[in-house]
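Written below as structure tokens is the structure these notes are about.
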Amino acid sequence: MEPKYHPHAIEEKWQKIWEEEDLFRVMEDPSKKKFYLLEMFPYPSGRIHMGHVRNYSIGDVVARFLRMNGYNVLHPMGWDAFGMPAENAAIKAKIHPAKWTYDNIAYMKTQLKRLGFSYDWSREFATCDPEYYKWEQLFFIKMFEKGLVYRKKAYVNWCEHCQTVLANEQVEGGACWRCERPVVQKEMEQWFFKITDYVEELLDYTYKLDGWPEKVLVMQRNWIGKSHGSEIDFPVDGLDEKVTVFTTRADTLFGATFMSLAPEHPLVPILCRGTEQEQKVLDFVEEAKRLKRSDRMEEILEKEGIFTGRYCINPVTGDKMPIFVANFVLMEYGTGAVMAVPAHDQRDFEFARKYDLPVKVVVRPADSDHIPDPSELTEAFEEEGILVNSGQFDGLTSKEAKKAITEHLAERGMARFKVQYRLRDWGISRQRYWGAPIPVVYCDNCGTVPVPEKDLPVVLPLDLELLPNGGSPLPVSESFYKTNCPKCGKPARRETDTMDTFVESSWYFIRFACADENTRPFDPDRVNYWLPVDQYIGGIEHAVLHLLYSRFFVKALRDMGYISFDEPFTRLLTQGMVIKDGAKMSKSKGNVVDPDDMVQAYGADTVRLFCLFAAPPEKDLEWSDQGIEGAYRFLGRVWRFVAENIDNLRNAATYSGKISELKGPLADLFRKTHQTIKKVTEDIKERYHFNTAIAATMELVNMLYQTRDRADEKDESFWPVMRHAVENLILLLSPMVPHITEELWHQLGNSGRLFNMPWPSYDEEAVKVEDLLIVVQVNGKVRDKMTVPADTPDSELEKLALERDRIKQFTEGKTIRKVVVVPKKLVNVVVG
RNA sequence: GCCUGGGUGGCGGAAUAGGCAGACGCAAGGGACUUAAAAUCCCUUGGGGCUUCGUCCCCGUGCGGGUUCGAUUCCCGCCCCAGGCACCA
């Protein structure tokens, strides 16, 4: 056996053997408990990065661990293969997106294989394959029939740089999530998935998904943004129109002194028509729309407004309220109109001061009788309280008044209770080439016609020349868009937009259950066996994107009868980022660590080990060049221990006796071995804390070296106990570092694959400590420690503690007020 | 502003149920081996103190209070950092 650890030879050797044996292939087996373990599949950008290595290392430990614990584990991998970088590369390097994508996939697959992950590659697919996206087009058609997908003209987020529309979830702080450039509003005809149909169920389940991090659930709840309130109608003075507002503060209605409308509000042109304000208002609206369309990501615009020349009537006071158009009112939320209550809303307050509008106090704090005069207010009182200046509603609490005032108006048909959400429908049209075509045809006679099922897939043509300006070639490609109407047969035009790539990733995890099924999207038997995903692992950045879309898609597919579960991912682990020098790795910062370089320098096992050891999975991981050296050194230490003692270990039979038959250092090592099995098992199974699991195996290795030097080698149990410790060490480390452990296992003369070995179990007797170290405190300070037999009764502990000389020193001349005994741990003597 | 996390040695981190703070690793220092270096192995390592160098004493988990025999852990108030949302009516 090589005295030195040479990772490359053994890693490549075992990877080859595993592949030849098809070791990681899994089949449905109803006699076994299944476990579906999934890591977020990568976009084939060219090379994997350290974030992938970390994500997939975590997943591989869990997969191998569960496998060894008797589960039938589905652990697949594939490619999220549609997307813009392929198009950009195509324009820049003149390579077709398809070739670029498939070349990248081929390379990245070798990288993943080189890392030794236990994927069942027979289930692999790329989402840009028509055999994949044809089912997505089928779902689109079915959703169209069900009214779950629809087309409408709307203001949408447009990224000029990416030349496409973005969903609300894909705009971060006013900027494109991909290129980080400002997003503008553009009015376009777009396809939308009706995610809002499922808003209540999506929200409900955020309280039931107890295997998800609370952080992600909170983010989703905030994104959904449910609020309870009222809709109230305000008649327009002198016109047969009304302005309807949504408010969560109906209790402040008596304080509403003016009205604010969004610039896009449809009533605006009607209201100002014929007034002397008309031109000024229309100019203001144009200017506001223009500003909205331009770069407004950084600071919030100065609050500005303009009087429309019209008034509406406050339905409870009968007062005339001037109607303004205000640049801060959003057409997309509520009704696009806000009743302004300057005394109780800071924004309205500032607006009222600026335009010299009346302020009326109608709520006072519950803990004060003082009703401030509007002139003395310096800011709005936004909290709830007790109503004043509100006629018959005076004295009610805000909560009571919201109900009472809404009901009062509801009797006259002027108000109703209303639940409002922030979540809006998911816009999925993308003006891009490298995506799944939306299977729709536009016919002058028949209108919008879905492509019939039998004509699917609508294949994305690969023989197109890309346009140099980055625009999609589909709208100018006759061979693609020219078609005949499926209904009337007359010439018609295909939809040339493609689907958001988040659509592909919203259902790929189901397809892994039956990737070879070619007559229907899913094979119910296999899907019912494997799904839902038991454990999903990926980055937090998808908290409200992919993870919300997938939840919606599963519910939609369920209601269309394709599947029969409610939620895609039972448990979710969001791992932290890999950072270097305190910042996310990026080319511009020059702090990128390439996995290939690391594998080359240290081997896959070391890279995996470091990723697992440096931090618990949910925290960010700071890459450290010294840290990875340490990981390498540890594996060298493991290797060397076996290599240096290989003959003795090989010739020994693994110790199978009881701990009571051992003594001294050998008993200690045997106990430590069992304690390590317990610790590693619990850390992996219950906590996914691989860092502490690895720390425990390090302790065992340290003890192996110590025991070799300190125990009596002539003891006939010496090598059997050593072998017992070494074999268990190998088994415990195998999910994390599968190659070195496989090699050592075979060097010891064992056969079979660790992947198929049962996970070691520990002996309760052997874990128990014979002697306990009891801490003795005086007034809560540690003053002494004593070693006692484990079965010493509590009363005896107290007696022993009080007899200690050290303790007597501290208690002498003082009264013992109390003695606290914590079984097996500590005695605290309280003196005064 | 609001909502979530988090703040522990020189560094990454540990302490799982209120009971020895700092496991394990890195870095640093010392020693062994060596002609020498590398590699390896062993030891020390939170800060401070000393007529006694100890099974010694004091301080110490962002800050200030509280509960408790005992608080990194629970409660109240504050500061700072990270992430998310942000004109949402």
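Lettering of chains follows the sequences in order, A, B, ..., and the numbering in each one begins at 1. What you see below is based on every heavy atom in this structure, not just the backbone, and it leaves out hydrogens, waters and symmetry mates.
- For B/C59 and B/G22, the C1' atoms lie 16 Å apart once the distance is rounded to whole Å.
- Nucleotide B/U4 holds its C1' atom 9 Å from the CD atom of A/Glu214, rounded to whole Å.
- Among the heavy atoms of the strands, none lies under 4.0 Å from A/Phe641.
- Counted by atom type alone, A/Glu629 and A/Tyr602 present one or more donor-acceptor pairs between their side chains at under 3.5 Å.
- Among pairs with a residue in residues 797-808 of chain A, those fulfilling salt bridge (charged side-chain N to carboxylate O under 4.0 Å, His left out) read A/Asp784-A/Arg804, at least two apart in sequence or across chains.
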Go through the steps for A/Met698 and A/Phe634 under the test side chain to side chain contact (heavy atoms under 4.5 Å, CB included), then give the verdict.
CA-CA 8 Å; A/Met698 286 173 168; A/Phe634 171 67; 3.4 Å; yes
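- A glycosidic torsion no more than 90° from 0 defines the syn conformation; B/G5 lies beyond that range and is anti.
- One C1' atom belongs to B/A21, the other to B/C87, and the distance between them is 48 Å to the nearest Å.
- Comparing B/G10 with B/G5, their C1' atoms sit 26 Å apart, to the nearest whole Å.
- A 3.5 Å limit on both hydrogen-bonding distances identifies no Watson-Crick or G-U partner for B/C20.
- The ring-ring contact (aromatic ring centres under 6.0 Å, His included) contacts involving residues 326-347 of chain A comprise A/Phe328-A/Phe351, where partners must be two or more places apart or lie in separate chains.
- Nucleotide B/C58 holds its C1' atom 10 Å from the CZ atom of A/Arg783, rounded to whole Å.
- Pair check for B/U4 finds B/A82; Watson-Crick or G-U wobble, both atom distances under 3.5 Å.
- If you check every strand for non-hydrogen atoms under 4.0 Å, A/Thr248 touches sugar and phosphate atoms only.
- Heavy atoms of A/Arg817 sit nowhere under 4.0 angstrom from any nucleic acid atom.
- Comparing the C1' positions of B/G25 and B/G66 gives a spacing of 38 Å, expressed to the nearest Å.
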Would you give a per-nucleotide map of nucleotides 10-23 of chain B, 5' to 3', where B means the base has a protein non-hydrogen atom under 4.0 Å away, S means only the sugar-phosphate does, and - means neither?
--BSSSB--BB--B
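- Backbone-only engagement by A/Arg633 is indicated by non-hydrogen atom pairs under 4.0 Å involving sugar-phosphate atoms exclusively.
- Rounded to a whole angstrom, the distance from the C1' atom of B/G47 to that of B/U51 is 24 Å.
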Please list, one pair per line, the donor and acceptor atoms closer than 3.5 Å that link side chains of residues 817-832 of chain A to other protein atoms, with sequence neighbours excluded.
from: A/Asn828; atom 1: OD1; to: A/Asn779; atom 2: N; distance (Å): 3.4
from: A/Asn828; atom 1: OD1; to: A/Gly780; atom 2: N; distance (Å): 3.0

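- Shown here, B/G70 forms no base pair; nothing in the strands shown gives a Watson-Crick or G-U wobble contact with both key distances under 3.5 Å.
- Spacing between atom CD of A/Glu382 and atom C1' of B/C2 amounts to 12 Å, rounded to whole angstrom units.
- Using a 4.0 Å heavy-atom cutoff across all strands shown, A/Val830 reaches sugar-phosphate atoms only and no base atom.
- Atom CZ in A/Arg640 sits about 9 Å away from atom C1' in B/C41, given to the nearest Å.
- Judged as a side-chain contact (heavy atoms from CB on, under 4.5 Å), and not counting sequence neighbours, the contacts of A/Glu699 are A/Lys672.
- Taking side-chain N and O atoms only, A/Arg806 has no distance below 4.0 Å to OP1 or OP2 of B/G54.
- The backbone N or O of A/Asp251 lies less than 3.5 Å from no partner atom in the side chain of A/Ser398, so there is not a single donor-acceptor pair.
- Nucleotides B/U61 and B/G18, compared at atom C1', are 15 Å apart to the nearest Å.
- Following rounding to the nearest Å, A/Phe349 (CZ) and B/G1 (C1') show an atom-to-atom distance of 17 Å.
- Between A/Asn779 atom CG and B/C58 atom C1' there is a gap of 16 Å when expressed in whole angstrom units.
- B/G9: no Watson-Crick or G-U partner with both key distances under 3.5 Å is found in any strand.
- Put simply, A/Arg347 has a side-chain N or O that comes within less than 4.0 Å of OP1 or OP2 on B/C88.
- Both A/Asp784 and A/Phe246 lie close to RNA chain B; mapped to their nearest nucleotides by heavy-atom distance, the more 5′-ward contact belongs to A/Asp784.
- The shortest distance between the side-chain N/O atoms of A/Arg637 and the OP1/OP2 oxygens of B/C41 is below 4.0 Å.
- Applying the salt bridge (charged side-chain N to carboxylate O under 4.0 Å, His left out) test to every pair with at least one member in residues 211-232 of chain A, sequence neighbours left out, gives these pairs: A/Glu200-A/Lys226, A/Glu214-A/Arg221, A/Glu231-A/Arg416, A/Glu231-A/Lys418.
- If you check every strand for non-hydrogen atoms under 4.0 Å, A/Asn702 touches sugar and phosphate atoms only.
- Taking atom C1' on both B/A71 and B/G84, the two are 31 Å apart, rounded to the nearest angstrom.
- Remark: C1' of B/C85 and OH of A/Tyr333 are 13 Å apart, rounded to the nearest angstrom.
- A/Thr692 and A/Asp683 are linked by a side-chain donor-acceptor pair at a separation below 3.5 angstrom, with hydrogens and angles left out of the test.
- Where A/Phe328 and A/Gly627 each meet RNA chain B at their nearest nucleotide, the meeting point lying more 5' is that of A/Gly627.
- Pair check for B/G29 finds B/C43; Watson-Crick or G-U wobble, both atom distances under 3.5 Å.
- Side chain of A/Asn222, nearest nucleotide from B/C3, B/C24, B/C69: B/C3.
- A straight line from CZ of A/Phe258 to P of B/A89 spans 17 Å, rounded to a whole angstrom.
- B/U44 and B/A23: their P atoms are spaced 12 Å apart (whole Å).
- At a cut-off of 3.5 Å, with distance as the only test, a side-chain donor of A/Gln220 or A/Arg551 sits close to an acceptor on the other residue.
- Of the side-chain N and O atoms in A/Arg221, none sit less than 4.0 angstrom from OP1 or OP2 of B/G84.
- Base pairing of B/C53: no nucleotide in any strand meets the Watson-Crick or G-U wobble criterion (both distances under 3.5 Å).
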